[in-house]
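The shown structure was predicted, so the numbers you read here are calculated from the model rather than taken from an experiment. Residues take their numbers from the sequence shown, with the count starting at 1.
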Amino acid sequence: MKVEIHREKKPARSLLWLWSLGLAVGFLVLTVLAGFGHRFGWWSFKTGFSLLRYGFFGAVFTFLLGLAGLYRGPKEGFNRRYFLTLPSLLISLILIMVPLKWLWAAKNLPRIHDITTDMETPPAFVAVLPLRKEAPNSAIYGGKALSEEQKRGYPDLKPGLIPQVGDQAFQTALQAANKMGWDIVEANSSEGRIEATDTTFWFGFKDDIVIRITPQGVSSRIDLRSVSRVGISDVGTNAKRIREYFKTLEKAISFPAA
């Protein structure tokens with residue numbers, strides 16, 4: 001005599017938290033690879049941006065799926081094991097917010113990628129120019145139209161002034177550049193010029209920087225220029241880099257290298 005054991009099947013809705021978690025992790029991996037894939041040369045940055053778009057819409061779907069697993073309707077109310085759904089909701093929300101933050105910056109900041117502290121006579125690139133041969137963006141400054149856009153978007157950017165002169169000022173400026181983690185292309189003390197390249201962490205975009213040190217009495221004026229090699233808008237990256245450099249420079253003056 002056979003005894004049949006009937007096991008109660010779990011309704012599909014009870015597994016929504018598991019499906020949403022799996023999708024959230026999958027879209028997280030896709031989003032991370034979108035940038036690193038370009039950095040490692042697997043695909044172009046345009047392909048990377050397309051993958052980001054897929055990750056964004058996938059995250060929206062996953063977030064809604066997670067909400068469906070969290071709230072089961074008026075009759076059933078909230079899932080008592082709501083904590084199972086929280087990881088997928090959190091991951092999805094992060095994947096949604098990052099592109100939205102970039103979109104906000106692109107809409108509200110000037111569509112420029114060449115930022116300098118001296119818009120009248122911007123520091124010129126010399127040693128970096130051979131590295132920019134294949135770059136879509138020119139190293140030639142865009143003139144008045146560009147400066148007006150920068151004034152509108154980044155009115156706080158101004159030259160720095162340090163209480164040092166000569167080789168001491170140059171070494172302090174170079175020390176700050178090294179602490180920024182930039183790849184120094186040339187450090188010409190006789191011309192008071194430092195050129196470097198910074199590589200962004202995620203997509204691996206190359207941005208070039210030139211620092212100009214000019215004597216002013218018992219002090220030295222520090223001018224910076226930061227230019228992206230690709231992209232129309234830098235969504236504030238170059239301006240942020242300049243601000244961070246001046247903060248690092250201030251610390252280098254306060255705590256000089258031994």
Can you give each donor-acceptor pair under 3.5 Å made by side-chain atoms of residues 95-113, sequence neighbours left out, with the distance rounded to 0.1 Å?
unit_1	atom_1	unit_2	atom_2	d
Asn108	ND2	Trp104	O	2.7
His113	ND1	Gly231	O	3.1
His113	ND1	Ile232	O	2.9

**Message:** Please say yes or no: joined through hydrophobic side-chain contacts below 4.5 Å, possibly via intermediate residues, are Phe40 and Trp43 part of one cluster?
**Reply:** yes
**Prompt:** Would Asp223 and Thr214 satisfy side chain to side chain donor-acceptor pair (under 3.5 Å), going step by step from the backbone distance to the final call?
**Reply:** CA-CA 8 Å; Asp223 282 293; Thr214 309; 5.0 Å; no
**Message:** According to a hydrophobic-cluster definition based on side-chain heavy atoms being under 4.5 Å apart (Ile, Leu, Val, Met, Phe, Trp, Tyr only), do Leu21 and Leu65 belong together?
**Reply:** yes
**Message:** I'd like to check Asn178 versus Ile184 (side-chain heavy atoms, cut-off strictly below 4.5 Å). Are they in contact?
**Reply:** yes
**Message:** Are Ile209 and Ile162 connected into the same hydrophobic cluster when the rule is that any two of I, L, V, M, F, W, Y join if their side-chain heavy atoms are below 4.5 Å apart?
**Reply:** yes
**Asked** Taking 4.0 angstrom as the limit, do Glu244 and Lys247 come out as a salt bridge?
**Response** no
**Point-to-point distance, once rounded to the nearest 0.5 Å, from CG of Leu23 to CD1 of Ile91** = 11.0 Å
**Prompt:** Have Ser190 and Asn188 got a donor and an acceptor in their side chains that come within less than 3.5 Å?
**Reply:** yes
**Request:** Mind checking the CG-CD spacing from Leu146 to Glu149? Nearest 0.5 Å is all I need.
**Result:** 8.0 Å
**Min side-chain heavy-atom separation Ile115-Asp234 under 4.5 Å** = yes
**Asked** CG of Leu161 to OG of Ser220: how many Å apart, nearest 0.5 Å?
**Response** 8.0 Å
**Message:** Please report the interatomic distance CZ(Phe63) to CG(Leu90), rounded to the nearest 0.5 Å.
**Reply:** 10.0 Å
**Request:** Determine whether Leu157 and Arg243 make a side-chain contact, defined as any pair of heavy atoms from C-beta on separated by less than 4.5 Å.
**Result:** yes
**Prompt:** Counting N and O atoms only, with roles assigned by atom type, does the side chain of Ser88 sit under 3.5 Å from a partner on the main chain of Thr85, one being a donor and the other an acceptor?
**Reply:** yes
**Asked** Taking the side chain as C-beta and beyond, is there a heavy-atom pair between Asp118 and Arg221 under 4.5 Å?
**Response** yes
**Message:** If you count heavy atoms of other groups shown closer than 6.0 angstrom to CG of Leu129, is the number above 12?
**Reply:** yes
**Message:** For Ser44 and Thr47, which I'm curious about, is there any donor-acceptor pair between the side chains at under 3.5 Å?
**Reply:** yes
**Item:** Check: Tyr245 side chain, Ala173 main-chain N or O, donor-acceptor pair, under 3.5 Å
**Value:** yes
**Any Met119 side-chain heavy atom under 4.5 Å of Lys151 side chain** = yes
**Request:** Answer with yes or no whether the side chains of Ser189 and Asp167 bring together a donor and an acceptor at under 3.5 Å.
**Result:** no
**Message:** Checking Phe49 against Phe45 for the ring pair (Phe, Tyr, Trp, His ring centres under 6.0 Å) test, could you report, in this order, the C-alpha distance in whole Å, the side-chain angles of both residues, the deciding distance, and whether it holds?
**Reply:** CA-CA 6 Å; Phe49 286 162; Phe45 74 91; 5.8 Å; yes
**Asked** Can you check whether Trp202's main-chain N or O pairs, donor with acceptor, with Thr200's side chain at less than 3.5 Å?
**Response** no
**Message:** Please say yes or no: joined through hydrophobic side-chain contacts below 4.5 Å, possibly via intermediate residues, are Phe27 and Trp19 part of one cluster?
**Reply:** yes
**Message:** For Phe36, I'd like to know if atom CZ has over 12 heavy atoms of other residues, nucleotides or ligands within 6.0 Å.
**Reply:** yes
**Request:** Scan side-chain atoms only and decide if Thr117 and Lys158 contain a donor-acceptor pair under the 3.5 Å cut-off.
**Result:** no
**Request:** Would you mind telling me which of Lys240, Arg229, Arg241 makes a salt bridge (charged side-chain N to carboxylate O under 4.0 Å, His left out) with Asp207?
**Result:** Arg241
**Prompt:** Among Ile222, Thr121, Ile194, Thr116, which residue meets the side-chain contact (heavy atoms from CB on, under 4.5 Å) test with Arg212?
**Reply:** Thr121
**Request:** Taking the side chain as every heavy atom from C-beta outward, state whether Val210 and Arg193 have any pair of such atoms under 4.5 Å apart.
**Result:** yes
**Asked** Are Val128 and Ile213 grouped together when hydrophobic residues (ILVMFWY) are joined by side-chain heavy atoms under 4.5 angstrom apart?
**Response** no
**Prompt:** At what distance, to the nearest 0.5 angstrom, does NZ of Lys144 lie from CD of Glu120?
**Reply:** 9.5 Å
